[in-house]
Amino acid sequence: MKITVLSGGVGGARFLRGLLAVVPPADVTIIGNVADDLEILGLRVSPDLDSVLYALAGLSDEERGWGRADETWNALATVSELSGDAWFKLGDRDIGLHLVRTQMLEAGYPLSAVTEALCRRWQPGVRLLPMSDDRVETHIAVADPDSPSGRRVVHFQEYWVRMHAAVPAEAVLVVGQEEATPAPGVLEAITDADLVMLPPSNPVVSVGTILGVPGVRDALRATAAPVVGLSPIVGGDHVRGMAAQVLASIGVEVSAAAVGAHF
């Protein structure tokens, strides 16, 4: 039975580990969100792909809930000492991955080929595809009384990691999405599947950005497979993360039924 999952990062990885406890990993293809990718200290970071890869390859830090196990922080400590940009927490082991990814991308390899190479090395057991090889970035508009427009736009990761989503999100802006194309194998993984699953990842900035890549929604409508979504909203609020904030910003009620209607 071929199963395709459209996944975000930490929440999606936890769901996938549960799924792989009951189905063979070789039957599973994961289409990962890359709209929250960013460049930090000159390195290309793919947080959602990495969260899935670390979790399924047995490399993730179970106590912290994100990043590599047995991590050290010497490089970031030096960055901080030198007053560099240290708000995004990159451990030494994590930096090693980003160095290799950045080097391969600069050499001309597409993100899908880079991800495939990483999977060959660490063997997560599943097929892991980025949603697109094209650059897509999620930005969040927040209120800023000092700005002439009354608001400013920050990268999603800055809103989530640096600002802790502590202020209301006024709008979600996905840059480059309309021009993006699905990565090789993405549409076929959906149309040829026996089951397609939307896990309880963020419905706007994780699953929603995958659905927004041109061709993906059409493939979901065209597939003969059942398409099953799991809501991250329970009892009128998200279980973790910031789904409530971004749902409100796009005018969607914070409820499981509204998430289904949004999809």
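What you see below is based on every heavy atom in this structure, not just the backbone, and it leaves out hydrogens, waters and symmetry mates.
Of the possible donor and acceptor atoms, none in the side chain of Ser201 sits under 3.5 Å from a partner among the backbone N and O of Gly11. Of the possible donor and acceptor atoms, one in the side chain of Ser132 sits under 3.5 Å from a partner among the backbone N and O of Asp134. For the pair Thr223 (side chain) and Ile190 (backbone), a donor-acceptor distance under 3.5 Å is present. Judged by distance alone, with hydrogens and angles left aside, the side-chain atoms of Ser80 form no donor-acceptor pair with the main-chain N or O of Leu76 at under 3.5 Å. A donor-acceptor pair under 3.5 Å is absent between the side-chain atoms of Ser206 and the main chain of Pro203, judged by distance alone.
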Which side-chain N or O atoms in residues 105-116 pair as donor and acceptor under 3.5 Å with protein atoms at least two apart or in another chain?
unit_1	atom_1	unit_2	atom_2	d
Ser112	OG	Asp133	OD1	3.1
Ser112	OG	Asp133	OD2	2.9
Thr115	OG1	Leu111	O	2.8

Scan the side chains in residues 256-263 for donor-acceptor partners under 3.5 Å anywhere in the protein, sequence neighbours excluded, and list what turns up.
none

Give the table of side-chain donor-acceptor pairs shorter than 3.5 Å for residues 243-253, with sequence neighbours excluded, one pair per line with atom names and distance.
unit_1	atom_1	unit_2	atom_2	d
Gln245	NE2	Ala165	O	3.2
Ser249	OG	Val246	O	2.7
Glu253	OE1	Ser255	OG	2.7

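A distance of 4.5 Å separates CE in Met1 from CG in Leu195, rounded to the nearest 0.5 Å. Distance check, rounded to the nearest 0.5 Å: CG of Leu19 to CG of Asp27 gives 10.0 Å. Residue Met197 holds its CE atom at 9.5 Å from CG of Leu16, rounded to the nearest 0.5 Å. Once rounded to the nearest 0.5 Å, the distance linking CG of Asn33 with CG of Leu49 reads 8.0 Å. Atoms CG and OG1, from Leu187 and Thr4 in turn, are 11.0 Å apart once rounded to the nearest 0.5 Å. Taking CD1 of Ile30 as the start and CG of Leu53 as the end, the distance is 9.5 Å to the nearest 0.5 Å.
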>> Using the rule given for side-chain contact (heavy atoms from CB on, under 4.5 Å), can you reason through Leu41 versus Ile95, listing the C-alpha separation, both sets of side-chain angles and the distance that settles it, and then say yes or no?
In response: CA-CA 10 Å; Leu41 301 172; Ile95 287 173; 5.8 Å; no

> Given Val161 and Lys89, is the side-chain contact (heavy atoms from CB on, under 4.5 Å) satisfied, shown in steps?
Replying inline: CA-CA 9 Å; Val161 178; Lys89 301 305 181 185; 5.5 Å; no

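The shortest distance between side-chain heavy atoms of Trp122 and Leu97 falls below 4.5 Å. With a 4.5 Å cut-off on side-chain heavy atoms, Glu39 and Arg135 count as touching. By the 4.5 Å heavy-atom criterion applied to side chains, Asp94 and Tyr54 are counted as neighbours. Side-chain atoms of Val142 and Met163, non-hydrogen and from C-beta on, do get closer than 4.5 Å to each other. You'll find the side chain of Arg44 reaches within 4.5 Å of the side chain of Asp37, heavy atoms only. Counting only heavy atoms from C-beta outward, the side chains of Met131 and Val136 approach each other to under 4.5 Å. For the pair Phe88/Pro47, a side-chain contact is recorded, criterion being any heavy-atom separation below 4.5 Å from C-beta on.
Legend: residues meeting salt bridge (Lys or Arg N to Asp or Glu O under 4.0 Å) with Glu179, ordered by chain and number and at least two apart, are absent. Here Asp194 pairs with nothing under the salt bridge (Lys or Arg N to Asp or Glu O under 4.0 Å) rule; sequence neighbours left out. Not a single salt bridge (Lys or Arg N to Asp or Glu O under 4.0 Å) links Asp92 to another residue, sequence neighbours left out. Remark: Arg93 engages no residue in a salt bridge (Lys or Arg N to Asp or Glu O under 4.0 Å) (not counting sequence neighbours).
Linking Ile, Leu, Val, Met, Phe, Trp and Tyr residues whenever their side-chain heavy atoms come within less than 4.5 Å leaves Leu43 and Leu82 in two separate clusters. A single hydrophobic cluster is not seen to contain both Val175 and Val205; linkage of ILVMFWY side chains at heavy-atom distances under 4.5 Å, directly or through other members, places them apart. Val153 and Trp87 sit in two unconnected hydrophobic clusters of ILVMFWY residues. Membership requires side-chain heavy atoms under 4.5 Å apart, directly or through other members. At a threshold of 4.5 Å between side-chain heavy atoms, the hydrophobic network of Ile, Leu, Val, Met, Phe, Trp and Tyr places Ile210 and Leu173 in two separate groups.
The two residues Ser51 and Ala13 come nearest to each other via the heavy atoms O-CB, 3.8 Å. Smallest separation of non-hydrogen atoms from Val213 and Thr181: CG1-C, 3.9 Å. Counting all heavy atoms, side chain and backbone alike, Arg120 lies closest to Gln123 at O-NE2, 2.8 Å. Leu128 and Cys119 make their closest contact through CB-SG, 3.8 Å (heavy atoms, listed as atom of the first residue, atom of the second, distance). What you find for Glu63 and Asp61 is that their closest heavy atoms are N-OD1, 3.0 Å. Closest heavy-atom contact between Pro199 and Val207: O-CG2, 4.1 Å.
Judged as a side-chain hydrogen bond (donor to acceptor under 3.5 Å, both in side chains), the pairs with a partner in residues 149-171 (not counting sequence neighbours) are, in order, Asp36-Gln157, Ser147-Ser149. Residue pairs meeting the salt bridge (charged side-chain N to carboxylate O under 4.0 Å, His left out) criterion with at least one member in residues 65-75, sequence neighbours excluded, do not occur. For residues 180-192, no pair satisfies salt bridge (charged side-chain N to carboxylate O under 4.0 Å, His left out), with sequence neighbours left out. The stretch residues 201-219 participates, sequence neighbours left out, in these salt bridge (charged side-chain N to carboxylate O under 4.0 Å, His left out) pairs: Asp218-Arg221. Evaluation of the side-chain hydrogen bond (donor to acceptor under 3.5 Å, both in side chains) test over residues 6-22, restricted to residues two or more places apart or in two chains, returns Arg17-Glu62.
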